[in-house]
Amino acid sequence: MLDIKLIREEPEKVKEALQKRGADVGLEEILSLDQARRELLSAIEAKRAERNSASEGVGKLMREAGQAKKEGRSSAELEVEVGKLKERSSGLGKEIAELDNQLRPIEDSLRELLLLVPNIPHETVPVGLDASKNEIIRRVGDPREFGFEPKAHWDIGEDLNIIDFKRAAKIAGARFALYLGAGAQLERALINFMLDIQSREHGYTEVFPPVLVNKESMTATGQLPKFAEDLFKCADDDLWLIPTAEVPVTNIHREDVFPVGKLPVKYTAYTPCFRREAGAHGRETRGLIRQHQFNKVELVKFVEPETSYAELESLTADAESILQKLELPYRVISLCGGDLGFSAAKTYDIEVWLPSYNEYKEISSCSNFEDFQARRANIRYRPMEGKPLFVHTLNGSGLAIGRTVAAILENYQQEDGSVVVPKVLKTYLQMDTISV
RNA sequence: GGAGAGGUGGCCGAGUUGGUUGAAGGCGCUCGCCUGCUAAGCGAGUAAGGGGGUUAAGCCUCCUUCGAGGGUUCGAAUCCCUCCUUCUCCGCCA
């Protein structure tokens with residue numbers, strides 16, 4: 001959520017910034033609602049002040065009247081005054097209620113509209129409206145030269161009998177995977193490996209959160225209200241399946257104020273993730289790339305605003321380190337304005353080389369949300385002096401597990417159909433190669 | 001799911017015959033005094049959000065908030081209703 005003050009004071013600047021991401025947001029309605037809200041509020045508050053003082057007067061006079069009676073004096077005059085004040089106060093109460101009834105729908109629609117406004121891109125975000133304008137930041141490692149025709153990971157998986165898409169479809173439907181034997185073990189090994197690196201070497205605190213969350217949590221991180229159709233929802237409860245651990249982990253600190261000196265706070269979490277993939281029909285239907293359920297190790301940071309862009313660089317480096325250790329070739333790109341997610345101010349995607357696609361494929365997305373989520377979730381910190389301020393939140397995949405499995409199978413495949421296990425995983429898997 | 005007891009400021013914790021209690025007291029924190037240094041002691045300050053005014057920073061003023069939402073009342077932390085949540089006991093259960 002953007003700061004209403006920013007919209008109020010510099011609407012042109014906000015509009016311009018949002019155009020950078022191709023979002024045509026009608027700020028006019030927001031501005032006029034904001035104006036109406038403040039006018040009503042002033043009127044209501046003036047009347048409340050008046051009513052409060054009248055009510056206070058009632059209390060005072062009643063005490064005086066009680067005192068008078070005790071002393072045997074007449075309290076009749078005072079009681080008349082009390083009656084007048086009560087009447088006045090009561091009348092004001094009705095006026096206030098009336099104005100309140102006008103105010104409420106205005107505040108509701110104002111908030112509704114504000115929740116639909118995306119974040120403002122950072123100044124370093126490349127200009128452009130689609131993926132073709134994304135900027136390549138760096139490449140690490142070279143795609144391997146195969147001396148044979150490399151297979152796609154879904155064929156490798158089925159040939160080695162470690163991934164079964166047909167049975168997964170029978171159990172649940174399209175876009176699900178059933179891992180078997182070494183495949184299931186590889187998935188589990190990667191989860192452990194990534195959590196170990198991020199928690200032991202990079203200082204993230206490991207957490208394991210709920211994977212069903214309520215509406216408030218989904219709203220805080222920006223999935224709701226706008227993207228409900230991308231989510232799985234429980235029919236009889238206000239519970240939603242998380243599309244990423246970002247949701248429950250960021251919400252750990254919803255409504256919190258971090259004490260002085262506590263930041264940065266860093267978490268890593270493994271969770272399954274659930275996405276409806278509405279609108280993705282026919283795209284990447286084969287293999288592990290686009291699933292309704294997939295595993296992911298996530299990195300989440302809460303930081304002070306001044307440091308957030310440096311923290312984005314280090315968070316991205318933390319995610320990259322996994323690919324380096326796995327010796328998988330990848331590149332890092334900076335998303336242009338039009339390709340940016342709703343809540344993000346800046347995003348680096350990390351893309352791993354996939355021989356079957358003959359291109360780099362997203363395996364991690366690392367973003368700085370600045371105070372966009374913090375404002376929605378009311379997450380603040382206490383600076384050395386002054387009032388609490390909103391933190392900046394960041395997160396990134398470190399990494400998506402299924403896509404990592406796909407990358408390992410494809411990049412480490414041998415001509416005989418077996419797959420060599422990456423060096424760093426050998427102790428986790430207790431095997432050197434996966435073969436039939 | 002059933003029964004009972006709670007949910008108050010950064011933390012702990014008073015406050016139920018409704019009325020200077022936005023909230024005693026304590027802890028913590030900040031500033032000052034005291035002190036050879038530290039500790040102890042003394043004094044003062046210390047919630048958040050939002051409106052309006054004014055300013056160079058600052059400040060003034062009003063409103064809202066005692067789990068959330070309704071209700072009663074001139075007036076509610078205090079009374080009533082609904083919901084959420086925590087704890088204890090019972091039931092159920094991986």
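Protein chains get the first letters and strands the later ones, always in sequence-line order, with residue 1 at the start of each. For the numbers below, each heavy atom of this structure counts, side chains included, while hydrogens, waters and symmetry mates do not. These numbers come from a predicted model, not from an experiment.
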So what does A/Ala54 touch, heavy atoms closer than 4.0 Å: a base, only the sugar-phosphate, or nothing? nothing
Checking all strands, does A/Arg104 fall into the base, sugar-phosphate, or nothing category for heavy-atom contacts under 4.0 angstrom? sugar-phosphate
Interatomic distance, A/Arg380 CZ vs B/G9 C1' [rounded to whole Å]: 13 Å
Paired nucleotide for B/U54 [Watson-Crick or G-U wobble; both distances under 3.5 Å]: B/G58
Is it true that A/Lys325 and A/Glu201 make a salt bridge, defined as a side-chain N closer than 4.0 Å to a carboxylate O? yes
Provide, to the nearest angstrom, the distance between the NZ atom belonging to A/Lys94 and the C1' atom belonging to B/G75. 15 Å
Roughly how many Å is it from CD in A/Glu81 to C1' in B/G19, rounded to a whole number? 18 Å
Whole-angstrom distance between B/G6 and B/G67, as gauged at atom C1': 11 Å
Watson-Crick or G-U wobble mate for B/U46, both contacts under 3.5 Å: B/G28
Watson-Crick/G-U partner (both atom distances under 3.5 Å) of B/C83: B/G67
Any A/Arg8 side-chain N or O less than 4.0 Å from OP1/OP2 of B/G51: yes
Going by modelled atom types, is there a donor-acceptor pair between the base of B/G75 and the side chain of A/Glu56 at under 3.5 Å? no
Across all strands shown, which nucleotide pairs with B/U38 by Watson-Crick or G-U wobble geometry, both distances under 3.5 Å? none
Begin from the C-alpha positions of A/His292 and A/Phe232 and carry the test ring-ring contact (aromatic ring centres under 6.0 Å, His included) through to its verdict. CA-CA 9 Å; A/His292 284 312; A/Phe232 287 105; 5.6 Å; yes
Return the value, rounded to whole Å, for the distance between atom CG of A/Asn52 and atom P of B/G75. 10 Å
Any base atoms under 4.0 Å from A/Leu41, or only sugar-phosphate, or nothing? Heavy atoms, all strands. sugar-phosphate
Give A/Arg375 one of three labels, base, sugar-phosphate or nothing, depending on what nucleic acid heavy atoms sit under 4.0 Å from its own. nothing
Any strand, both distances under 3.5 Å, Watson-Crick or G-U wobble: B/C93 pairs with none
Determine, for A/Glu50 against A/Arg88, whether the closest basic-nitrogen to carboxylate-oxygen distance falls under 4.0 angstrom. yes
Once you round it to whole Å, what is the distance between P of B/U64 and CG of A/Leu99? 14 Å
Taking the P atom in each of B/G75 and B/U64, what is the distance between them to the nearest angstrom? 12 Å
Using 4.0 Å as the upper bound for N to carboxylate O, is an ion pair formed by A/Asp100 and A/Arg48? yes
First of A/Pro388 and A/Val257 reached from the 5' end of RNA chain B, by closest nucleotide: A/Val257
In whole angstroms, the gap separating C1' of B/U17 from CE of A/Met62 amounts to 13 Å
Is the ring pair A/Phe258/A/Phe302 parallel, tilted or perpendicular, if the boundaries are 30 and 60 degrees? tilted
Result of checking A/Ile197, A/Thr268, A/Leu299 against A/His202 for side chain to side chain contact (heavy atoms under 4.5 Å, CB included): A/Ile197
When rounded to the nearest Å, what value does the distance between P atoms of B/G58 and B/C66 take? 29 Å
Given atom CZ of A/Arg382 and atom P of B/U46, what is their separation to the nearest angstrom? 14 Å
Students often get this wrong, so: under 4.0 angstrom with heavy atoms, is A/Arg88 touching a base, only sugar-phosphate, or nothing? nothing
Rounded to whole angstroms, how far apart are CG on A/Leu85 and P on B/G19? 18 Å
For B/G19, the Watson-Crick or wobble counterpart (both distances under 3.5 Å): B/C74
